[in-house]
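All remarks here apply to the structure that follows.
Quantities reported herein were computed from a predicted structural model and do not represent experimental measurements. Chain letters run A, B, ... following the sequence lines, proteins first and then strands; every chain starts at 1.
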Protein chains: 2
Amino acid sequence: MQTFPEPVIEPILAMPEAAYLQASSATPAFSPLYQQIKGLILNSLRAGEWKPGEMIPSEVELAGRFHVSQGTVRKAIDELAAENLLLRRQGKGTFVATHAEQQVQFRFLKLVPDSGTRGSEGPAQRDIIECKRGRATADVARALALRNGDMVLQARRLLSFGGAPIILEDIWLPAAPFKGLTAEQLANYQGPMYALFETEFNVRMVRAEEKIRAIPATELHVAHLKVPLGTPLLSVERVAYTYRDEPMELRRGYYRTDTHHYHNTLG
Amino acid sequence: MQTFPEPVIEPILAMPEAAYLQASSATPAFSPLYQQIKGLILNSLRAGEWKPGEMIPSEVELAGRFHVSQGTVRKAIDELAAENLLLRRQGKGTFVATHAEQQVQFRFLKLVPDSGTRGSEGPAQRDIIECKRGRATADVARALALRNGDMVLQARRLLSFGGAPIILEDIWLPAAPFKGLTAEQLANYQGPMYALFETEFNVRMVRAEEKIRAIPATELHVAHLKVPLGTPLLSVERVAYTYRDEPMELRRGYYRTDTHHYHNTLG
DNA sequence: CAGTGGTCTAGACCACTGG
DNA sequence: CAGTGGTCTAGACCACTGC
């Protein structure tokens with residue numbers, strides 16, 4: 001078991017002293033104590049001090065470790081929970097969020113059936129069509145912050161709901177962090193792909209950006225999605241990011257929207 | 001100037017007593033004090049005690065009014081601010097959110113240019129193509145929680161960016177709350193439509209749900225969006241809700257996605 | 001300078017979970 | 001029952017705004 005050193009903040013007492021903690025830049029850029037605590041907790045998450053699904057130390061324990069009051073730790077955790085990095089469970093503790101939980105199974109999939117709720121069609125069927133190693137093309141390299149020609153893994157898969165093929169996805173991953181990932185792993189793994197990434201490669205997808213367009217079906221889509229050539233499809237290009245805000249996955253999805261739709265809530 | 005009675009909560013003292021406030025149902029359903037305060041503030045918003053853009057009473061004043069501590073009021077306001085109903089400005093006060101502010105001008109429009117940022121194309125051009133009264137069809141009535149045949153206002157408009165037509169929208173509004181709305185008002189009003197609704201009709205859009213599909217361009221789209229027949233377009237169906245969670249607008253938008261895309265962030 | 005929201009603390013007590 | 005997160009209070013002080 002790895003041990004982790006105590007944080008190097010002893011002199012924290014109150015807000016004004018806390019301000020000393022920051023790197024003094026041109027702009028003083030005051031940052032409240034709880035933000036600094038939030039940063040320290042985030043660092044522990046990044047360092048893997050607590051793994052996904054595990055319980056983190058209690059609020060009082062963290063308060064003692066950081067030499068601040070429980071309320072300050074609380075506010076830091078509040079924000080991390082609001083960002084879906086932590087999960088609070090009253091009476092139990094605070095846990096590192098994971099994609100493996102049933103309740104947040106489809107947190108990143110916004111396609112839902114026109115009638116009924118998700119799951120009413122039964123479990124999703126995931127078929128890996130292809131999986132290979134290759135070199136990043138210019139657009140893939142740019143999206144993943146790689147250099148042209150860096151090694152990437154590419155997978156193509158088909159998602160079916162209620163027996164009908166609905167989504168065709170092309171996925172690119174930087175080869176280095178996913179060293180050892182095989183087509184068999186992808187094909188045999190039951191459950192969301194991001195859960196596999198967590199448990200096997202210590203890669204946690206935390207946030208994603210999607211660009212959505214309408215495009216006509218090509219022969220590729222005709223073959224797998226069983227739609228006529230030229231049928232309008234939703235093109236969903238996603239870049240997923242880790243704790244460190246590194247882009248770690250590029251995914252191009254093609255969604256049939258004759259029986260499903262992309263659902264979004266505007267707040 | 002309208003006056004508002006003090007809230008009818010005198011006996012609030014602490015958490016256990018506060019629980020007495022609730023309607024006692026089969027399930028005791030404990031609700032914390034700050035949630036009740038949040039409800040009271042929300043009621044004031046609904047009643048129009050403070051208008052969009054106006055400052056609400058200070059935290060200490062509200063704490064006095066509700067006989068709770070400032071911290072409790074604070075937590076209630078925190079949640080309302082997180083839901084974009086209130087806007088906190090340090091040193092100034094807390095304000096009722098409005099669609100008229102420059103910074104949140106396009107809070108509900110997720111279409112952005114492929115390159116550059118929004119606004120880089122210059123201001124949006126809004127052209128009202130048509131505006132008429134009519135009776136709700138079955139689907140419109142269902143979306144707006146009306147009865148079949150209830151009177152509705154319908155408008156069609158074209159949004160252009162940098163001189164190019166990008167969005168065609170059909171909008172349905174229940175006639176009753178928008179009594180007196182004219183095509184001239186819509187045509188002449190500069191700024192977001194939701195700002196007009198606020199100032200003229202006391203209707204504040206607070207939340208919306210969108211269903212997105214890919215559809216082929218029809219003759220209607222060809223005529224206004226200048227695309228070939230059958231071109232894939234993004235179909236965005238939006239229902240917008242008020243403070244009271246009443247559906248108050250149905251909007252069907254058709255987006256060209258050759259130079260723009262729908263952008264979404266997954267948390 | 002007064003008034004506002006923002007931070008932090010210390011302590012009390014409640015609600016929920018599981019042994 | 002002990003341990004956890006959740007609520008509430010009272011008070012001090014800080015940061016920001018505008019007069």
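B/R46 forms no cation-pi arrangement with B/Y243, by the criterion of a distance under 6.0 Å to the ring centre and an angle within 45° of the ring axis.
One can place OH of B/Y34 at 4 Å from P of D/dT7, the figure rounded to the nearest angstrom. Rounded to an integer number of Å, the gap from CZ of A/R74 to P of C/dG6 is 19 Å. Straight-line distance from the CG atom of A/D78 to the C1' atom of D/dG6: 10 Å, rounded to whole Å. With rounding to whole Å, A/K92 atom NZ is found 14 Å from D/dG3 atom C1'. D/dA12 atom P lies 13 Å from atom CD of B/Q70, rounded to whole Å. Remark: P of D/dT4 and CG of A/L87 are 17 Å apart, rounded to the nearest angstrom. Between the C1' atom of D/dA12 and the CD atom of B/E59 lies a distance of 16 Å, rounded to the nearest Å. One can place NZ of B/K75 at 15 Å from P of C/dG6, the figure rounded to the nearest angstrom.
In this structure, B/I56 and B/F95 have side chains that are not in contact, with every pair of non-hydrogen atoms separated by 4.5 Å or more.
Aromatic ring pairs are classed by plane angle as parallel below 30°, tilted from 30° to 60° and perpendicular above 60°; the pair A/Y194 and A/F197 is tilted. Ring geometry for B/H99 against B/F108 counts as tilted: the plane angle lies between 30° and 60°, on a 0 to 90° scale.
When the side-chain nitrogen and oxygen atoms of B/R89 are compared with OP1 and OP2 of C/dG5, none of them lie within a distance under 4.0 Å. Using a 4.0 Å cut-off, no side-chain N or O of A/S58 falls inside it from OP1 or OP2 of D/dG3. Listed pair A/T72 / C/dT7 fails the phosphate criterion, with no side-chain N or O lying under 4.0 Å from OP1 or OP2.
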Legend entry - Check against side chain to side chain donor-acceptor pair (under 3.5 Å), A/D114 and A/H260: CA-CA 5 Å; A/D114 287 341; A/H260 291 64; over 6 Å; no
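Side-chain contact check for B/H263 and A/E210: no donor-acceptor pair (N or O, by modelled atom type) lies under 3.5 Å.
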Legend entry - Watson-Crick and G-U pairing of DNA chain C written in dot-bracket, each distance under 3.5 angstrom, with | for inter-strand partners: ||||||||||||||||||.
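Taking the side chain of A/S69 as heavy atoms from C-beta on, and the options C/dT7, D/dG6, C/dT9, the nearest nucleotide is C/dT9. Set against D/dT9, D/dC8, D/dG6, the side chain of B/L33 has D/dC8 as its closest nucleotide. Relative to the side chain of A/M55, the nucleotides D/dT4, C/dC8, D/dT9 differ in distance, and D/dT4 lies closest.
Around the NZ atom of A/K110, the shell of radius 6.0 Å holds more than 12 heavy atoms that belong to other residues, nucleotides or ligands.
Residue-to-nucleotide proximity on DNA chain C shows that, of B/Q90 and A/V73, the 5′-proximal contact is made by B/Q90.
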